[in-house]
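Take a look at the structure set out below.
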Number of protein chains: 2
Amino acid sequence: MLRNSASDVPRRRGRPPAGGREAILAAALELLRERGIARVTAREVAALAGVSEASVFYHYKDRAGLLRAVFEQGLQPLKELAESVARAGPDLHQVLVRYAITLEQFLDQALPVMAAAQSDVALRDAMAEYMTEQDLGPHRGVAALGDFLAAEQAAGRVRAEVDPHATAMLFVGACYTRAAQRQMPAHVAELPSLEEVIDAFEALLAPA
Amino acid sequence: MLRNSASDVPRRRGRPPAGGREAILAAALELLRERGIARVTAREVAALAGVSEASVFYHYKDRAGLLRAVFEQGLQPLKELAESVARAGPDLHQVLVRYAITLEQFLDQALPVMAAAQSDVALRDAMAEYMTEQDLGPHRGVAALGDFLAAEQAAGRVRAEVDPHATAMLFVGACYTRAAQRQMPAHVAELPSLEEVIDAFEALLAPA
DNA sequence: GTCTATAGGTTGATAGAC
DNA sequence: GTCTATCAACCTATAGAC
């Protein structure tokens, strides 16, 4: 599925890597998202990646090793979040839009992976350890947005009574909830749209 | 563990139920929350419930049937949420406190169950169907709080520019995020406390 | 690095006695 | 309703050849 065909990079000595390792990881992530972690077995991963079962164990030692790699890959894009706020223009509205879209996109990818880690204590602990090491978590997003709001407040563009970080929490929470609802395949009733949430949030912040 | 001792209800025909069914359900829910769905095997459930493995299949037909029962049990308390808002006093602050606490308590119980359902497509679909039937989901909480805010607004106790439902979404989201973070065993950094969030939210709503 | 073959262990589910 | 005993299916992981 994702195996390399002949590419144009300069030849190296020895047998070229066939890309099996990457194909296995990609297959595992795809299976995890589409069919749930219970289906991430060496057999199914190998079949989807187009390699043998033994190859899975050769590259990742055991199932836990494979899943750990899947987690790290799945949580990767979070690191771009803080930068996204910094990169955006000085306009509050622009920042909120960019921030919300980036956060929800990340969550759409990461939530299935995080939910999967809850399926077993060992996995849960492994991911917790990883998130602690890397200092990942919602507090990151809250801090980034909170700092920005504090700066806006200092510039007089946000009401003085506002608590920047507690307020950032409200906004992050709305994005989180929307993303979480999207994970449930059958959500009949709609939540407020992103535009409505952003508009409502801005209206609350605006100085009189 | 939860087996009946002699009770005072009038005698029925035939062999009285020994309480095995309830013990099995309770054991499955406990295992699910504490060790993850992967450990919810007939063997472990039976051991914890103090019954035989065959008994599990007798009462719930198959694994899917047992897990479906666990979901229904785990999502039960949600129905009390809307009532909780209605029951609370007329004071905005009181309502927010009561609402947030009720919602977070519910989520602490329900989130592990919802995450577990993501572990396999079949379970995921089964729970989605159940939630659709029962019209469960975050929109319920948003609607309940939004309606209340709209009433407060009509009474002049909330700023006129506020969009009640989009704003309710912000508040629900903050509770959701706090509860979700609690699910991750190792959250080093703190999020804003419930008091801070409630105070910030009230400050945003207050008329000038 | 990748394969085939297989060991060794769990699991879901059924049969049949009590 | 509950038990013991059992089985086929499936899983992780290793050994050893290429």
Side-chain angles (χ1 to χ4, degrees), chain A residues 1-7 11-28 31-32 35-70 116 119-123 126, chain B residues 1-7 11-28 31-32 35-70 116 119-123 126:
Chain A
M1 209 125 224
L2 287 172
R3 308 199 64 162
N4 294 344
S5 43
S7 54
R11 277 238 165 261
R12 288 179 175 239
R13 283 178 192 276
R15 186 174 186 171
R21 191 183 170 89
E22 293 72 24
I24 290 168
L25 187 56
L31 273 168
L32 182 78
R35 307 225 268 147
I37 194 173
R39 296 295 183 81
V40 182
T41 65
R43 196 158 307 197
E44 298 220 42
V45 169
L48 185 57
V51 301
S52 76
E53 296 173 43
S55 216
V56 175
F57 293 99
Y58 173 80
H59 284 296
Y60 295 98
K61 190 189 174 210
D62 55 16
R63 191 175 129 102
L66 173 61
L67 290 174
R68 188 182 170 95
V70 168
S119 71
D120 189 276
V121 244
L123 293 176
Chain B
M1 236 126 267
L2 288 171
R3 309 196 67 155
N4 291 346
S5 45
S7 55
R11 275 235 166 264
R12 287 182 174 239
R13 286 178 192 277
R15 186 176 185 168
R21 191 181 172 87
E22 292 71 25
I24 290 168
L25 187 56
L31 273 169
L32 183 76
R35 307 225 267 148
I37 194 173
R39 296 294 184 82
V40 182
T41 65
R43 202 153 300 197
E44 298 219 42
V45 169
L48 185 57
V51 302
S52 77
E53 297 172 42
S55 211
V56 176
F57 293 100
Y58 172 81
H59 285 294
Y60 294 99
K61 191 189 174 206
D62 54 17
R63 188 175 133 101
L66 173 61
L67 291 174
R68 188 181 169 95
V70 169
S119 71
D120 189 274
V121 244
L123 294 176

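On a predicted model such as this, the values are computed, not experimentally measured, just so you know. Chain A is the first sequence line, chain B the second, and so forth, proteins listed ahead of strands; every chain is numbered from 1.
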Are any of the side-chain heavy atoms of V40(A) and V70(A) separated by less than 4.5 Å?
->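 When only atoms from C-beta onward are counted, V70(A) and V40(A) do not touch, as no gap falls below 4.5 Å.
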
State, yes or no, whether a side-chain contact exists between I37(B) and D120(B) at a heavy-atom distance under 4.5 Å.
->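 They are not in contact (no side-chain heavy atoms under 4.5 Å apart), so the answer is no.
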
For the student: nearest non-hydrogen atoms of [X] and [Y], plus distance:
| X | Y | result |
| --- | --- | --- |
| E53(A) | R43(A) | OE2-NE, 3.6 Å |
| A116(B) | L32(B) | CB-CD1, 3.4 Å |
| V56(A) | A46(A) | CG2-CB, 4.1 Å |
| L48(B) | A27(B) | CD2-O, 3.7 Å |

Identify whether any heavy atom of S52(B) sits under 4.0 Å from a base atom; if not, whether one sits that close to sugar-phosphate; answer base, sugar-phosphate or nothing.
->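 Since a base atom lies under 4.0 Å of S52(B), the category is base.
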
Secondary-structure string, 5' to 3', Watson-Crick or G-U under 3.5 Å, | for another-strand partners, for DNA chain D = ||||||||||||||||||

Report the distance from atom CG of L123(A) to atom CZ of R63(A), rounding to the nearest 0.5 Å.
->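 Between L123(A) CG and R63(A) CZ, I get 6.5 Å after rounding to 0.5 Å.
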
Would you kindly give the [atom1]-to-[atom2] distance between [X] and [N], to the nearest whole Å?
| X | N | atom1 | atom2 | result |
| --- | --- | --- | --- | --- |
| D120(B) | dT11(C) | CG | P | 16 Å |
| L123(B) | dG12(C) | CG | C1' | 14 Å |
| I24(B) | dG12(C) | CD1 | P | 14 Å |

Examine distances only and state if a side-chain atom of R68(A) and a backbone atom of Y60(A) form a donor-acceptor pair shorter than 3.5 Å.
->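 No; zero donor-acceptor contacts below 3.5 Å.
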
Heavy atoms under 4.0 Å is the rule here; annotate nucleotides 7-14 of chain D 5' to 3' with B where the base is hit, S where only the sugar-phosphate is, and - elsewhere.
-> ----BBBB

